[in-house]
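To start, the structure itself, in structure tokens.
All values derive from a computational prediction rather than experimental measurement. Any value given below was found using the heavy atoms of this structure, including those in side chains, with hydrogens, waters and symmetry copies removed.
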Amino acid sequence: MTSEEFYQQGNDLRRRGNYPAAMNAYMEAIALDPDSPAVEALRMMQDIMNYYCKDVYNP
């Protein structure tokens, strides 16, 4: 697969709510092309995952 295909796969997985798999797809895209738009997508996913705190929602 190409970097673009991994990036698109990551977008599809993110839309379905499969965040870990989306992050993995973005990392594959970045490994193939360090200038891929997946760099920004991965950074945003990491920010979302870092912000989410399960303890707040499940006291």
### Query
Of all residues at least two apart in sequence or in a different chain, which pass the side chain to side chain contact (heavy atoms under 4.5 Å, CB included) check with L42?
M23, Y26, M27, I30, Q46
### Query
V39 and P34: which non-hydrogen atoms are nearest, and at how many Å?
CG2-O, 3.3 Å
### Query
Do N18 and P20 have side chains that get closer than 4.5 Å, going by heavy atoms?
yes
### Summary
Rounded to the nearest 0.5 Å, the CG atom of D33 sits from the OG atom of S3 at a distance of 4.5 Å
### Task
Rounded to the nearest 0.5 Å, what's the gap from OH on Y7 to CG on L32? Could you check?
15.0 Å
### Message
If the condition is side chain to side chain donor-acceptor pair (under 3.5 Å), which residues does E4 pass it with, not counting sequence neighbours?
### Response
Q8
### Query
By the rule that ILVMFWY residues connect when side-chain heavy atoms come within less than 4.5 angstrom, directly or transitively, which residues belong alongside M44?
none
### Query
Does a salt bridge link D47 with R43, judged by any charged N lying under 4.0 Å from a carboxylate O?
yes
### Query
Given R15 and N11, is the side chain to side chain contact (heavy atoms under 4.5 Å, CB included) satisfied, shown in steps?
CA-CA 6 Å; R15 286 185 199 106; N11 288 340; 3.9 Å; yes
### Task
Using the side chain to side chain contact (heavy atoms under 4.5 Å, CB included) rule, take E28 and M1 through it: C-alpha gap first, then chi angles, then the decisive distance, then the call.
CA-CA 9 Å; E28 289 290 335; M1 287 177 54; over 6 Å; no
### Task
Please report the closest heavy-atom contact between Q9 and A25, naming both atoms and the distance.
OE1-CB, 3.9 Å
